[in-house]
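These notes concern the structure reproduced below.
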Amino acid sequence: CLPPPPSSPLPPLLLPSTMSDDDQRVRIARHFLLSSPPGEFNEVLNDVRVLIGDDDLINENLLNIIKTYNTEQMMAVPIPEANYKVVIARAGEVDPTHYVDPRGKQLLTFDHAKREVVDTRPLGDDEIVMDAEPYRAATDNHILEYVNEAFNDSGSTVFGSEADGNLLLYIYISGARTNLPNYWSGRWRSSWTFTFKRGAHTGTLKGSIRVNTHYYEGGNIQMNASTNKETEVVMGDPDTVGQHIAAVIANWETEYQQVMERSYQSMSDNALKSLRRKLPVTGVKFSFTSKDHQLAAELQKPQCATKMA
């Protein structure tokens, strides 16, 4: 079934009157497909094909939509002959089919439709920001340690870059759990940017956490939640800085998970409880087993008149 429109990151679906019918249908299809919950893209695609009723129109635009979806969802993809995953993200994008794997120091050729790496080649020295690399590598090691401890079936990647005289670390964490036979799925995404200058005493760490869950047994409920964080990090040697960055992110993410758990409990105890049918005045649940109602049945049977003496 089609997912409900998420609260973020997609804007409201507006269809200008000047758009052609085909453009409007493509925009509708794109909106629904980019709203697909984790692990359910193909199911939503099948429904969109029925809704739009024009496979040729869908196929003309599908690859671009899939590429956008994979990037926005920060897909964590396994690397051939390696025991780690790389996050497909804008910071690592060279062109629509090539992405950097900074941990393996290689360039990946990525098939968006199959969601798999089909080829690799080593990165040249001119493709690596050398001044940022020690900090990138140290941060990557500490983030990976945290992710392996806190997540299942997830991936993390730290990219190094330079812009406007600043050195930048782009940190991505992505994990998904799907259980389609039991009608639920979810994804945790966090993206962080650490900005610092050569010789500076502090750097700035800021970013966001985004959580999407979908439950659709007997209904269709999708939740999108997010939070933004920012702080200053004292500079030092690369390993100390990387350890500090990983500790701050781990603390933020743990706190946010606890906030969400408390919110769920409060929702169950208050908002959802008010929707449920209340118990009888006796405070005892009604029993539907027949033996508990035999006495009532006996009392309802016609009684023989007592003979007069």
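Note that the coordinates shown come from a computational prediction; the quantities given were computed from them, not determined experimentally.
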Might you work through the side chain to side chain donor-acceptor pair (under 3.5 Å) test for R49 and N59, ending with a clear yes or no?
CA-CA 10 Å; R49 289 188 185 279; N59 293 336; 3.1 Å; yes
Just do the side chain to side chain donor-acceptor pair (under 3.5 Å) check on Q106 and R121 with the steps written out, would you?
CA-CA 5 Å; Q106 56 187 346; R121 72 158 176 82; over 6 Å; no
Would you sort out whether L123 and V100 count as a side-chain contact (heavy atoms from CB on, under 4.5 Å), showing the intermediate values?
CA-CA 8 Å; L123 289 175; V100 174; 3.8 Å; yes
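Scored by the side chain to side chain donor-acceptor pair (under 3.5 Å) test, N70 finds H112, R115 as partners (sequence neighbours excluded). For N182, the side chain to side chain contact (heavy atoms under 4.5 Å, CB included) partners are N179, W184, not counting sequence neighbours. With sequence neighbours excluded, no residue satisfies side chain to side chain contact (heavy atoms under 4.5 Å, CB included) with N141.
Salt-bridge formation is detected for the pair R136/E133: a Lys NZ or Arg NE/NH1/NH2 atom is positioned less than 4.0 Å from an Asp or Glu carboxylate oxygen. For the pair K85 and D153, the salt-bridge criterion is met [side-chain N within less than 4.0 Å of a carboxylate O].
Counting heavy atoms of neighbouring residues, nucleotides and ligands inside a 6.0 Å radius, atom CD of E261 exceeds 12 of them. Around atom CD of E116, more than 12 heavy atoms belonging to other residues, nucleotides or ligands sit under 6.0 Å away.
Annotation: side chain of I209 is in contact with side chain of W192 (closest heavy-atom distance under 4.5 Å).
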Review item, side-chain donor-acceptor pairs of residues 246-253, under 3.5 Å, at least two apart:
unit_1, atom_1, unit_2, atom_2, d
E253, OE1, Y146, OH, 2.5
E253, OE2, S190, OG, 2.5

N/O donor to acceptor pairs below 3.5 angstrom from side-chain atoms of residues 229-238, sequence neighbours left out:
unit_1, atom_1, unit_2, atom_2, d
E232, OE2, T204, OG1, 3.0
D237, OD1, D239, N, 3.2
D237, OD1, T240, N, 3.0
D237, OD1, T240, OG1, 3.2
D237, OD2, T240, OG1, 2.7

Give every donor-acceptor pair under 3.5 Å between a side-chain atom in residues 165-177 and any protein atom, sequence neighbours left out.
unit_1, atom_1, unit_2, atom_2, d
N166, OD1, K197, NZ, 2.8
S174, OG, M74, O, 2.7

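Aromatic ring orientation, F41 versus Y69: tilted (interplanar angle from 30° to 60°).
Checking side-chain atoms of R189 against main-chain N and O of E72 turns up a donor-acceptor pair under 3.5 Å.
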